[in-house]
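Notes follow once the structure below has been shown.
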2 protein chains.
Amino acid sequence: MSRRPQTEIAILGALSIGPMTGYELRAAITDVLGDFWHESFGQIYPTLATLEESGSVRRATPGRTSGSRFEITSAGRAVLRERLAEPHTAPPPRNALLLRLFFGSELPPGRAAELLRAEIDRATTALGRFAAIRAEVVAEPESEARTFRSLTLSYGEHHARAHLTWAREALAALPQDV
Amino acid sequence: MSRRPQTEIAILGALSIGPMTGYELRAAITDVLGDFWHESFGQIYPTLATLEESGSVRRATPGRTSGSRFEITSAGRAVLRERLAEPHTAPPPRNALLLRLFFGSELPPGRAAELLRAEIDRATTALGRFAAIRAEVVAEPESEARTFRSLTLSYGEHHARAHLTWAREALAALPQDV
DNA sequence: TTTCCCATGTAATCAGTTACATGATTAA
DNA sequence: TTAATCATGTAACTGATTACATGGGAAA
């Protein structure tokens with residue numbers, strides 16, 4: 001199998017939009033993909049080095065070591081397309097919130113309600129953020145890229161709404177003394 | 001911080017229902033928590049050993065090494081309650097499906113639709129499974145444990161429905177030539 | 001008697017985070 | 001000139017999976 005790290009996909013994907021330094025890469029990933037993807041510097045820099053070695057990316061301003069932007073090569077674009085097409089296997093589920101709620105009867109009094117209220121806050125905040133992004137996306141000119149951006153945003157919207165509804169219902173269903 | 005592995009919580013939680021061998025533990029976790037939690041043997045056995053050493057669990061039939069069930073001790077119950085009450089930090093998001101869809105314009109033709117159809121299947125299957133569990137839960141006598149079981153099940157139902165709706169909408173929104 | 005399931009465990013490996021160390025550039 | 005931000009990188013660690021090795025017991 002030898003599943004290569006998905007960090008490569010995220011980096012190549014981000015560089016397919018435009019050249020960036022490692023630092024900018026991390027900021028871009030956090031900004032744009034932050035709701036469903038994450039990279040740390042500890043992953044970005046080593047991965048960038050191996051991608052450079054394999055010829056998938058190159059320095060836009062060679063010579064300089066600090067502050068030089070990386071750009072994707074045509075070989076890199078091919079790798080990106082390949083890697084994107086690979087089947088993805090969902091990692092085994094590990095939902096810390098549900099694990100706690102499942103054994104909720106062992107939780108101190110009030111803690112379950114507290115957990116649910118935190119989820120309501122989180123989902124509400126997320127929905128506000130999504131609404132702002134939605135306004136931006138709607139204003140963009142029609143393009144294939146926009147379709148896919150809209151589609152991932154829609155995922156966030158649907159799931160956040162479901163999460164909010166669930167948490168409210170669950171909170172209401174909780175016995176008073178728990 | 002020193003966040004201890006959550007495997008301990010899952011194991012102690014499962015043993016709080018009744019004594020089990022490592023093998024049964026894994027089966028129980030897969031059966032009952034399978035939709036939102038997972039443990040592998042490579043985690044279960046070493047964790048069971050450290051839990052035994054720290055006095056959180058003990059062998060129900062001492063002497064025998066193979067096939068002896070582990071039971072939770074009162075110290076173990078205290079540890080479980082403590083660990084459940086700890087704040088949980090959600091791991092950074094890494095949604096492989098969305099990463100692929102976001103860069104969907106780099107996907108080979110038809111692949112995006114294929115991914116979405118697979119999600120529709122997955123969500124549909126999950127909803128069927130949840131319906132069967134729901135029927136069981138409804139039949140159970142009222143108890144605090146049932147409330148929490150119902151609450152985690154409801155999470156699955158809400159999210160699976162949202163997922164299905166999203167995937168169908170997204171599939172319909174996809175341009176024909178993509 | 002062979003096959004399947006129950007059962008336990010370890011070693012290698014992996015993807016990823018965190019903490020740390022360091023330095024360049026820019027704005028106040 | 002000092003503080004903030006931009007920028008790069010490494011080492012240690014961690015939580016976890018996977019593959020492998022082994023063997024008992026039951027049933028076909």
Side-chain angles (χ1 to χ4, degrees), chain A residues 1-11 14 19-31 33-34 36-53 57 59-70 83 86 88-96 99, chain B residues 1-11 14 19-31 33-34 36-53 57 59-70 83 86 88-96 99:
Chain A
M1 256 267 191
S2 94
R3 308 209 76 306
R4 301 261 293 297
Q6 313 213 75
T7 295
E8 288 188 5
I9 303 182
I11 289 183
M20 281 180 252
T21 67
Y23 191 86
E24 288 168 341
L25 218 28
R26 147 75 180 238
I29 290 172
T30 304
D31 274 20
L33 313 176
F36 58 86
W37 201 259
H38 172 88
E39 293 295 345
S40 66
F41 286 130
Q43 285 285 102
I44 287 177
Y45 287 111
T47 303
L48 229 24
T50 62
L51 285 175
E52 190 183 14
E53 205 182 344
V57 306
R59 284 171 205 272
T61 47
R64 310 185 49 196
T65 53
S66 185
S68 72
R69 294 204 165 76
F70 288 89
R83 299 289 318 272
E86 277 176 10
H88 68 283
T89 48
R94 289 203 137 219
N95 189 322
L99 183 65
Chain B
M1 253 269 188
S2 93
R3 309 208 75 308
R4 301 260 295 295
Q6 312 211 74
T7 295
E8 287 188 4
I9 303 182
I11 289 183
M20 281 180 254
T21 66
Y23 192 87
E24 289 168 339
L25 216 28
R26 145 78 179 238
I29 289 171
T30 303
D31 274 19
L33 314 177
F36 57 85
W37 202 259
H38 172 89
E39 293 295 345
S40 66
F41 286 130
Q43 285 286 101
I44 287 177
Y45 287 111
T47 304
L48 227 25
T50 61
L51 285 174
E52 189 183 17
E53 206 182 344
V57 306
R59 284 171 205 271
T61 46
R64 308 184 51 194
T65 52
S66 185
S68 73
R69 294 205 165 74
F70 287 90
R83 299 290 317 273
E86 277 176 12
H88 68 283
T89 48
R94 289 203 137 220
N95 188 323
L99 183 64

Original post:
Residues in salt bridge (charged side-chain N to carboxylate O under 4.0 Å, His left out) with B:Glu24, at least two apart?
Top reply: B:Arg69
Original post:
Going by heavy atoms closer than 4.0 Å, what residues in residues 24-31 of chain A are next to DNA chain C?
Top reply: none
Subject >> Residues forming a ring-ring contact (aromatic ring centres under 6.0 Å, His included) with A:Phe36, sequence neighbours excluded >> reply: none
Original post:
CD of B:Gln6 versus P of D:dT17: gap in Å, rounded?
Top reply: 12 Å
**OP:** Using atom CH2 of B:Trp37 as one end and atom C1' of D:dG15 as the other, report the distance to the nearest whole Å.
**Re:** 11 Å
**OP:** Not counting sequence neighbours, which residues clear salt bridge (charged side-chain N to carboxylate O under 4.0 Å, His left out) with A:Arg26? List them please.
**Re:** none
Original post:
Nearest-Å distance, CE (B:Met20) to P (C:dC6)?
Top reply: 15 Å
Subject >> Qualifying salt bridge (charged side-chain N to carboxylate O under 4.0 Å, His left out) pairs with a residue from residues 37-49 of chain B, counting only residues at least two apart or across chains >> reply: A:Arg94-B:Glu39
**OP:** Measure the shortest side-chain to side-chain distance between B:Phe70 and B:Leu48 over non-hydrogen atoms and say whether it is less than 4.5 angstrom.
**Re:** yes
Subject >> Residues from residues 38-47 of chain A lying under 4.0 Å of DNA chain D - heavy atoms >> reply: A:Gly42, A:Tyr45
**OP:** Could you please spell out the steps behind the side-chain hydrogen bond (donor to acceptor under 3.5 Å, both in side chains) verdict for A:Thr47 and A:Glu8?
**Re:** CA-CA 7 Å; A:Thr47 303; A:Glu8 288 188 5; over 6 Å; no
Subject >> d(CZ, A:Arg69; C1', C:dT25) in whole Å >> reply: 13 Å
